[in-house]
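Quick notes on the structure that follows.
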Protein chains: 4
Amino acid sequence: MRETTTSTPAGRGRGAARSERARQAILTSASELIARDGYEHLTIEGIAARAKVGKPTIYRWWPSKSALIAECLADDTLMQEDFAPPDTGDLLADLTTWYRDIAAFLGDPGNAALIRSLIAASIDNPLVATELTQHLGAGPEALHGRFRAAVAAGELRADVPIEALVDLITGGIMMRIIDRTGLRPGDSEAFVRALLGPLLT
Amino acid sequence: MRETTTSTPAGRGRGAARSERARQAILTSASELIARDGYEHLTIEGIAARAKVGKPTIYRWWPSKSALIAECLADDTLMQEDFAPPDTGDLLADLTTWYRDIAAFLGDPGNAALIRSLIAASIDNPLVATELTQHLGAGPEALHGRFRAAVAAGELRADVPIEALVDLITGGIMMRIIDRTGLRPGDSEAFVRALLGPLLT
Amino acid sequence: MRETTTSTPAGRGRGAARSERARQAILTSASELIARDGYEHLTIEGIAARAKVGKPTIYRWWPSKSALIAECLADDTLMQEDFAPPDTGDLLADLTTWYRDIAAFLGDPGNAALIRSLIAASIDNPLVATELTQHLGAGPEALHGRFRAAVAAGELRADVPIEALVDLITGGIMMRIIDRTGLRPGDSEAFVRALLGPLLT
Amino acid sequence: MRETTTSTPAGRGRGAARSERARQAILTSASELIARDGYEHLTIEGIAARAKVGKPTIYRWWPSKSALIAECLADDTLMQEDFAPPDTGDLLADLTTWYRDIAAFLGDPGNAALIRSLIAASIDNPLVATELTQHLGAGPEALHGRFRAAVAAGELRADVPIEALVDLITGGIMMRIIDRTGLRPGDSEAFVRALLGPLLT
DNA sequence: CGATAATCGAGACGGTACGTCAGGTCTTAGG
DNA sequence: CCTAAGACCTGACGTACCGTCTCGATTATCG
């Protein structure tokens, strides 16, 4: 679990400690409800009821629905999947593999809807965007790392703007989720070719 | 104005005709409010009040807030800008120009917030996504056309997957808006190079 | 029904009229609940639920719980009893009769509790006090009237301060309710004698 | 200080003794807050915060807000005034004096509001009513005593129902506070005359 | 004198109710 | 028959307090 959010119990001077039981129940309930009903139908009241917790307990620790979702992601409660390109030495093949995995995941309409919900949450909390891209493997460790390795291996030109490359490829996935076009596994090669293959004559 | 939505006046038998005044007032009010407060704070009630219209008048013609927004876009009430790459014969230069224009537009935080709102609206109505990409110049006429012209001119390989290319480049922009990283004009070349330049050694 | 409160439908320009069904259901539910649970346990939420009405419908028409109670009283929904001294020509006998009726009424602990609740409501809304004293017969028509008649009949001295007399006698009842001492029917004569009988030697 | 409430330190076996500092701080804070904000806005949480005391410390020693108020009164923390009729041998004059003092006290709207708050507290705890009437001089020692002295002095008939007389006169004051009519000093004579003067012809 | 135990401050907890906002539907009056 | 106005029921919002419980520290008595 990456701890990225603000809801740390802090130093605790005196007084009862924060209830780990409540925290877990809230994260779990939020995760189940967003997966079932989508971000738009997610309510603090519903989460509190399902977690058998008072609403104030949620408001005490999270300033907003989206912050709560961010922690669900950071805590791996909401999405177990963590995509990352392998490193076989063949960049095109590795990216295609990675892309295909994601496409397979998004083939399930439930998963696609979940990611759509997470994009919605990202809009009022960039932290969610960060967590989401992490899970998709587009974080600094995974995709960035693979590109840097390719540069080091002499597979990719040294002056390639890796940041831009990552945003392009991640954004390409997002677009297909937003406009509901979807990602077919066969698209994987098209995307990778469009990105890395020789385009200009 | 492209007419893409469902709110056609229809055949009409008897009775008063649909009030064009009301329609315009609603679209204008919705546009002003979303620009001012963002999609999350946009309410039907607020629109009705500002347009001096009853709520049912809105519900009669639009099934949802996002459908209303889609029509605002189609009607050019919400966004006057219509980006499109020029065609000077030099694809890289043309794309860079287009990208730079968009980056300049998004340099204004208000505009960035507006687009972020439109992405939010896109999530519960793909029609908004369509309209939005149109306005950004990523629709069939503009960006696709430019790529097809490049293929025809022999500037781009014939087997390039244009669809994927467009989604990559559009998605790249979206990503930067969602995660609030922003697009600096200087990024334009990086993006275009990352997409079209020679990457592999 | 005396109409003393502010919740008049007003002029009504256009739009749906105020629902009489809702108004009645609210008054009835409030009356039942205050009689059952007391003013302290009376909640707007509970009234709304029992009346099958939305909370805003209550807040639209009454500014506070106590204003609602005042209207329950004015509407004779909460208390059907309306005490008033008879006029047989014998003031002492008439007052004793009246007092005895009230004592009998308050003999039922439920009634005593209800009046106690109404005193509580009176404290944050003097309108309730007015309505309550009306019902007890201490309003201008009943007790005041009887005293004026006694003066006219030469039964009572002309310079008697009627206002003070009424407040004394009403307050005497209130005291016994507040301190839970209670009013026994036998007290009636003691009170009336204490008030009107020859005290000084 | 009369000790009438339940908060006795009890036998105590071992362990730390009850903190007198905490007790005083709580009584003082409660008194200040009820005087400032009224009984309806008085909260245990607010008292605890102002007294720099934990909520359980309050709940440990007092079962309810009203019990705490009762002790504030018994402890003379909340009201320093203790009214009592003098005994000059002239009952009418003495009562008038006493009444006038109370009327003067209630002339200050803050005092009137305080007494109103105490009546509210009396409703859910008759002990408060007892303490309140004590402070107003309507307890067994003061007003009752004065009446008994008058009987002994032959000023008042021996068969006068003193209890009822006291309730009438106290209730008369209460009424004026509850219905916010107020007591003007000039009313004093009217009340006393209404009570004791020759009424019947 | 050290163990025992009650108290104290602090504050988190599961709850209930608050008063408000907005949703989407309906009813009425006017044109 | 459409439009404006607006009332209706519903449901969620975020907040304030409730009364209880759980800490860790302090304090005083008892064995």
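Throughout, a chain's letter reflects where its sequence line sits, starting with A, and its residues are numbered from 1.
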query: Just checking, C:Arg18 and C:Trp61: is the charged tip under 6.0 Å from the six-membered ring centre and within 45° of the axis?
result: yes
query: On DNA chain F, nearest-nucleotide positions of C:Glu20 versus D:Pro56: which is more 5'?
result: C:Glu20
To the side chain of [X], which of [options] is closest?
X	options	value
D:Ile44	F:dG6, F:dC18, E:dC13	F:dC18
B:Glu45	E:dG11, F:dC8, E:dA22	E:dA22
B:Trp61	F:dC9, F:dT22, F:dT3	F:dT3

- prompt: Hey, is the side chain of B:Thr57 poking within less than 4.0 Å of OP1 or OP2 on F:dC2, counting only N and O atoms?
  reply: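 Answer is no, no contact under 4.0 Å.
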Let me know the distance between [atom1] of [X] and [atom2] of [N], rounded to the nearest Å.
X	N	atom1	atom2	result
C:Ile58	F:dC8	CD1	P	11 Å
A:Gln24	E:dG14	CD	P	14 Å
D:Leu68	F:dG19	CG	P	12 Å
C:Ile47	E:dG19	CD1	P	11 Å
A:Arg23	E:dG14	CZ	C1'	19 Å
C:Ile26	F:dC9	CD1	C1'	11 Å

query: Of A:Arg21 and D:Ser19, whose nearest nucleotide on DNA chain E comes first from the 5' end?
result: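 Whichever sits nearer the 5' end wins; that is D:Ser19.
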- prompt: If you pin C:Lys65 and D:Arg60 to their nearest nucleotides in DNA chain E, which one's is more 5'?
  reply: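 First, find each residue's nearest nucleotide; the 5'-ward one identifies D:Arg60.
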message: Applying the side chain to side chain contact (heavy atoms under 4.5 Å, CB included) criterion to C:Trp62, which one of C:Ile44, C:Thr57, C:Leu68, C:Ile47 satisfies it?
response: C:Leu68
task: Using side chain to side chain contact (heavy atoms under 4.5 Å, CB included) as the criterion, point out the one residue from A:Leu132, A:Leu27, A:Ile69, A:Thr28 that pairs with A:Leu78.
output: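 Looking at A:Leu132, A:Leu27, A:Ile69, A:Thr28, the match for A:Leu78 under the side chain to side chain contact (heavy atoms under 4.5 Å, CB included) is A:Ile69.
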field: Distance (rounded to the nearest 0.5 Å) between C:His41 NE2 and C:Ser117 OG
entry: 9.5 Å
- prompt: When rounded to the nearest 0.5 angstrom, what is the spacing between CG in A:Leu118 and OH in A:Tyr39?
  reply: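 Interatomic distance, A:Leu118 CG to A:Tyr39 OH, rounded to 0.5 Å: 10.0 Å.
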field: Side-chain donor/acceptor of D:Lys55 to base of E:dG11, under 3.5 Å
entry: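 Absent.
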field: Carboxylate-amine/guanidinium contact A:Arg116 B:Asp124, below 4.0 Å
entry: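 The answer is no: the pair does not qualify as a salt bridge.
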- request: Just call it for D:Lys52: base, sugar-phosphate, or nothing, with non-hydrogen atoms closer than 4.0 Å on any strand.
  value: sugar-phosphate
message: Does any part of the side chain of D:Glu45, heavy atoms only, come nearer than 4.5 Å to the side chain of D:Arg50, both counted from C-beta?
response: no
message: Under 4.0 Å, heavy atom to any atom of DNA chain E: which of residues 29-43 of chain C qualify?
response: C:Thr43
